[in-house]
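Here's the structure, in C-alpha cells; my notes come after.
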Amino acid sequence: MSAEPASLPAMAARWSADSVLALAPDDSSRRAAATLARPGQWTGGAGAAGDLVWGLCAGSAKHPYQVIIDLADPAFKCSCPSRKFPCKHALALLLLWSAGTVPDQLEPADYARTWQQARQSKAERSRAAARTEAADSPGAADSPASPGEDAEASGGSKAAAAKRAAERARRVTDGLADLREWLRDQVRAGLAGSGPAGAGTGQADLMAARMVDAQAPGVAAALRGLAGTAAKGGPGGLLAEYALLHLLIRAHERLDHLPEGLEAVVRSRVGYPVSKGDVLARPAVTDHWLVVTVRELTDGTVPGRRIWLRGRQTRQWAMLLTFAAPNGAWQDLSTARLRPGTEVHASLHYYPGQPPLRALIGTRHADPVPGAPPVPEDGIDAQLTHWSAALEQDPWLTTWPVLLAGTPVSPGATAPGSLGKGWHLVDGAGAALPLADRESLWRLLAVSGGELVAVAGEWHPDGLVALTAWHGAQAVML
C-alpha cells in the first residue's frame, strides 16, 4: 500500500487588511505595523497552520521577537516588551498573512505549539473547574444529565462569542456616548474656528483615536474625514457631518428596535465586523456581471480598490472591495485584476444592509471575458431619484454607482450662467450633473468627440466622478 500524502490543516478564512488594522490600539501602532509588514523584517520561519500564525521579527533586541497569533479567539503573544495589545509585530504578521505572503505549514513551530498547548491546558482546567463548581452547587444532583463533550464545547464557544460581542457592544456604546458629548461641545463653542487647521478638526483626530479604542472603526474614519469636509464645505458642511454623526449615535442607541435592514446599516457604519463566512452563507445572486468601474482608494491607511459590477439580467449593482498589504500584495488577487469592460459569470453574496451594494464573489462559473458595452437605461432625473431612494434607506450613504449616456461639457463651452462653473455631463433630455474636477475629464471629452457617450462613475454629494467611458466596444478608464 502506498502512503497517502500529508495534507495541510484547514486554514481559517483570511481577514481583510481593514479588519486587521481595526484591531490596532492606536494610529502609531497602525503606522508601525505597516512599516514592519515586509518580508525583509521577518527572519524566516513564518508560517500558518490551522488557526495558528507565527513568525520571528527582527527588532532592537539581540534575538528576534517570537510572534504567535491564535485566529480563533483571537489571541496574541509576542516576546517584545511592548505594553500595547496587540503590538505592532502581531499586527504586521497579520497584515502579511491577510495578503497571502505567510506560507501554510503542516505543523506549527515548536514555540507556537508550546504556547497553543499551554492555552488549551489552561482552558481545559477552567472548564473542569466550572464543571466541578456546577456539580457542587445546590440542586446539581437533581439536574438532568449533561450533554456530551461536543455539545458542551459548542455551547461554551457560543457563550464565549456572545460574551465577546456583548463586551464590544458595551465599548462601542461608551465610546459613542463620549462622542455625543464632544459633538455638543463643538456646537456650543461655534464652528467659526473649525476650518482646516481649526480646533474642531484638530480635536477630531483625538476623538477618532478614542473611537478606535472603542472598536468603532467606521466612526473613526468619518471623524478623520472632517478636516477635508471643513476645507471644502466650510462650517455648513462640517455641521452637516456633525448632524450625521449624531444621527448615527441615536440610531445605535435604538439598535435593538430598528428594522433588520436599517440595523445592519447602522452596525456597518459604526464598524461592527461581518465575517466572510456569514456573508457567503447568505443567498447567492448569479448573473453575468459586467465590470463597470474600478477606483483606486489611496486616501486611507491601507491602499484599496473599489470595483463596481452590474448584472446583465438582474440589473443589480454590486461593489467589491479588496485591499493591499504594505508590500503591495493584494488580499484577493483575482478580484483586484478585474478591469472595466470585462464580464464574469459568478454567484455573488451581498453583505447585510440596505440598499444591497457591497458583495463577495462566491463561485466563479467561468473566467472573465470581454463584455458587450452597457446600454444606459436612465437619464439624470431618474438617477437622482434612485439616489434619493437609496438615501432614504441609508442616510449615511456617500457613494452611489451611476451609468449614464451624456455629453461632457467643459467650463466656458456654453453661454455664461447656463450651467454654472466647472465641468458638467448633459444627457439627451438636457438635464446636467456637475462633474468632479479631474485631469481625466479632458480624456473623457476626447473619447466623446462632443457627442453622447456611455459614462460610468460614482455620484457623490459634490458631483459625479467619471471613471469609465466607452469608445465603441472599448472601455476606457479615466
Exercise. Can you tell me if CD on Gln313 sees more than 12 non-hydrogen neighbours from other groups inside 6.0 Å?
Worked result: yes
Exercise. Do Ile380 and Val402 have side chains that get closer than 4.5 Å, going by heavy atoms?
Worked result: no
Exercise. What heavy-atom pair brings Ala284 and Ser347 nearest, and what distance separates the two atoms?
Worked result: CB-CB, 4.0 Å
Exercise. Is Glu392 atom CD crowded by more than 12 heavy atoms from other residues, nucleotides or ligands, each under 6.0 Å away?
Worked result: no
Exercise. Can you find a side-chain donor-acceptor pair between Glu458 and Trp308 that sits under 3.5 Å?
Worked result: yes
For this session: Please report the shortest heavy-atom distance between Leu348 and Ala359, naming the atom on each side.
Result: CD2-CB, 4.2 Å
Exercise. Which heavy atom of Gly353 sits nearest a heavy atom of Ala264, and at what distance?
Worked result: N-CB, 3.6 Å
For this session: Could you tell me whether the side chain of Val219 reaches within less than 4.5 Å of the side chain of Leu223, counting heavy atoms only?
Result: yes
Problem set entry | Side chains of Val270 and His252 in contact at under 4.5 Å (non-hydrogen atoms) | yes
For this session: Please work out whether the ring planes of His288 and His345 are parallel, tilted or perpendicular, with thresholds of 30° and 60°.
Result: parallel
For this session: Rounded to the nearest 0.5 Å, what's the gap from SG on Cys57 to CH2 on Trp42? Could you check?
Result: 4.5 Å
For this session: Verify the ring-centre separation between Trp442 and Trp423: is it less than 6.0 angstrom?
Result: yes
